[in-house]
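Have a look at the structure below, then the notes.
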Amino acid sequence: MFDESPKRFDRIVAILIQLQSKKIVKAQELANRFEVSLRTIYRDIRTLEASGVPIYSEAGVGYALMDGYRLPPVMFTREEASSFIAAEKLMQKFTDATLGNHYASAMYKLKAVLRSDDKDWVSSIESNVLMQSSEKLFNDKSPNTLAILFESIAEKTQVILSYEAIQSDGITVRNIEAVGVFHDNNNWYMLGYCHLRKDYRQFRTDRVHGIKKTEIPFSIEHDALETYLDKSKNVSTTKVRILVDKKIAKYLAYERKYHGFVSEKIIEDKIEMTFMSRDTLEGFSRWYLMFGDYATILEPENLKTRILELLELNRQRFL
């Protein structure tokens with residue numbers, strides 16, 4: 001029979017490290033990470049307890065280490081350390097100045113505990129990794145937006161936001177209870193309860209002209225961020241089918257996901273694409289015009305009508 005003792009030993013050590021990383025760790029979370037059964041996790045936890053690790057558990061909540069118990073500092077392997085290089089480069093390009101500085105400080109501490117040859121190994125990678133972003137993720141007037149939002153979410157206190165909505169002619173000042181932040185379509189967004197609108201709204205960080213912390217506590221018990229994002233997916237959509245030349249279809253692979261792409265099938269020298277579009281008559285129609293001379297609209301009829309209207313408007317501009 002195969003002896004899994006070394007593998008089990010590594011898993012038990014990793015479980016102990018994970019218990020130190022969070023206040024509460026659920027058994028299912030551990031089972032998912034290590035791809036084992038809950039029964040195996042229960043057995044591993046009992047092994048840790050038998051070896052003297054002070055673990056307490058609460059039914060339906062999870063496991064935690066007793067306050068004050070800590071392992072000695074854990075050494076990173078060179079492969080683990082190198083994975084932080086990619087994270088550091090991402091932090092430099094895709095977060096605000098404050099968070100980037102905090103991460104850079106943490107990286108100095110991480111590199112300080114590496115062995116000399118591992119430091120050289122990591123440095124050789126670091127100098128040859130570059131992250132490029134063409135998007136401006138934060139307004140110059142509010143360079144620390146993300147860091148303040150993180151504090152607001154953790155402390156459950158409101159922020160005062162100076163915000164310029166895309167459909168607005170000016171800046172509005174709002175008290176916001178930030179539920180969470182997420183990255184989508186190459187931009188950072190904050191979803192929060194807006195006291196001005198008396199409803200939940202999404203705010204794009206590059207449109208934030210100013211943000212201030214307050215001591216005002218949240219007035220509402222908010223659900224998890226995923227709950228509100230799932231609700232936003234339930235907006236009405238329209239089924240769109242287009243037939244695109246094969247030679248052009250490959251160039252649409254990136255942008256089509258932003259227009260509700262669902263599926264595709266090959267029909268001789270063309271590809272039929274199906275979308276569930278949220279903005280058929282404006283967003284989708286204008287995107288279609290970019291490659292319309294290589295495509296045919298199969299449905300809906302009102303999209304065909306809208307394309308003809310836009311073409312006529314363009315024709316009149318040349319008269």
Side-chain angles (χ1 to χ4, degrees), residues 93-94 131-139 163-170 179-192 194 197 199-208 225-319:
K93 288 293 183 181
F94 295 99
M131 301 290 181
Q132 293 183 316
S133 173
S134 59
E135 302 292 335
K136 188 175 181 179
L137 302 178
F138 304 96
N139 192 303
Y163 190 74
E164 184 176 15
I166 193 169
Q167 71 276 15
S168 173
D169 291 329
V179 175
V181 297
F182 61 98
H183 192 271
D184 189 33
N185 292 354
N186 296 320
N187 285 289
W188 279 104
Y189 294 85
M190 180 266 288
L191 186 142
C194 176
R197 305 303 184 200
D199 199 2
Y200 290 92
R201 292 286 191 271
Q202 289 184 16
F203 302 90
R204 216 169 85 175
T205 56
D206 62 329
R207 296 181 188 144
V208 174
L225 175 62
E226 293 83 355
T227 304
Y228 301 100
L229 295 182
D230 287 343
K231 288 178 181 178
S232 69
K233 294 177 182 177
N234 295 328
V235 298
S236 60
T237 57
T238 301
K239 183 179 181 180
V240 175
R241 289 191 305 125
I242 60 176
L243 202 60
V244 185
D245 289 1
K246 270 187 181 179
K247 62 181 179 180
I248 295 298
K250 62 183 179 181
Y251 297 108
L252 308 180
Y254 177 75
E255 288 191 347
R256 68 187 186 182
K257 63 183 178 182
Y258 301 127
H259 296 278
F261 174 77
V262 175
S263 62
E264 67 179 14
K265 63 179 178 180
I266 299 174
I267 301 177
E268 296 179 352
D269 62 339
K270 299 183 183 299
I271 293 181
E272 180 183 314
M273 296 184 185
T274 300
F275 300 80
M276 295 304 296
S277 172
R278 298 184 183 185
D279 186 19
T280 308
L281 301 184
E282 289 301 323
F284 192 95
S285 61
R286 296 178 186 279
W287 177 62
Y288 176 86
L289 286 174
M290 295 173 60
F291 56 88
D293 50 334
Y294 293 97
T296 302
I297 298 171
L298 301 178
E299 63 171 308
E301 288 298 320
N302 63 348
L303 177 58
K304 299 178 183 179
T305 302
R306 179 56 177 161
I307 293 297
L308 291 174
E309 290 175 353
L310 291 173
L311 290 172
E312 177 60 22
L313 287 171
N314 275 280
R315 189 189 70 84
Q316 290 178 10
R317 288 179 179 275
F318 288 99
L319 295 179

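Just so you know, residue 1 is the first one in the sequence shown, and it goes up from there. Scope of the values below: all heavy atoms of this structure, side chains included, with no hydrogens, waters or symmetry mates.
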N/O donor to acceptor pairs below 3.5 angstrom from side-chain atoms of residues 291-300, sequence neighbours left out:
| unit_1 | atom_1 | unit_2 | atom_2 | d |
| --- | --- | --- | --- | --- |
| E299 | OE2 | R241 | NE | 2.7 |

Any idea which heavy atoms bring L303 and S285 closest together, and the distance? CD1-CB, 3.8 Å
With rounding to the nearest 0.5 angstrom, report the CE to OG distance, M276 to S236. 9.5 Å
Return yes when atom CE of M290 has more than 12 non-hydrogen atoms of other residues, nucleotides or ligands closer than 6.0 Å, and no otherwise. no
Without placing hydrogens or testing angles, list every side-chain donor-acceptor pair under 3.5 Å for residues 309-319, not counting sequence neighbours.
| unit_1 | atom_1 | unit_2 | atom_2 | d |
| --- | --- | --- | --- | --- |
| E309 | OE1 | R306 | NH1 | 3.2 |
| E312 | OE1 | R315 | NE | 3.1 |
| E312 | OE2 | R315 | NH2 | 2.9 |
| E312 | OE2 | Q316 | NE2 | 3.0 |
| N314 | ND2 | L310 | O | 2.8 |

Checking salt bridge (Lys or Arg N to Asp or Glu O under 4.0 Å) for the pair D199/R197: CA distance, chi angles, key distance, verdict? CA-CA 5 Å; D199 199 2; R197 305 303 184 200; over 6 Å; no
Can you measure from OH (Y200) to CG (L191) and round to the nearest 0.5 angstrom? 8.5 Å
From T237 atom OG1 to R278 atom CZ, the distance as rounded to the nearest 0.5 Å: 8.5 Å
Sub-4.5 Å side-chain heavy-atom contact between Y228 and Q202: no
Just to verify, which of F284, F275, Y254 counts as forming a ring-ring contact (aromatic ring centres under 6.0 Å, His included) with F261? F275
Hey, what's the ring geometry for Y189 with F182, parallel, tilted or perpendicular (30° and 60° as the breaks)? parallel
4.5 Å side-chain heavy-atom contact, T274 and V240: no
Side-chain heavy atoms of I271 within contact of L243, under 4.5 Å: no
When you compare the side chain of V208 with that of N139, does any pair of heavy atoms fall below 4.5 Å? no
If you compare all heavy atoms of C194 against all heavy atoms of R201, which two are closest, and at what distance to 0.1 Å? CB-CG, 4.3 Å
Check: N187 and T205 side chains under 4.5 Å, non-hydrogen atoms: no
What distance separates F138 CZ from R207 CZ, expressed to the nearest 0.5 Å? 14.0 Å
Quick test of your reading: applying salt bridge (charged side-chain N to carboxylate O under 4.0 Å, His left out), list the pairs with at least one residue in residues 246-263, sequence neighbours left out, ordered by first then second residue. R256-E264
Taking the inter-plane angle between the rings of W287 and H259 on a 0 to 90° scale, is it parallel (under 30°), tilted (30 to 60°) or perpendicular (over 60°)? parallel
CG (L308) with more than 12 external heavy atoms under 6.0 Å: yes
So, for V181 and L225, which heavy atoms are closest and what is the spacing to 0.1 Å? O-CD2, 3.6 Å
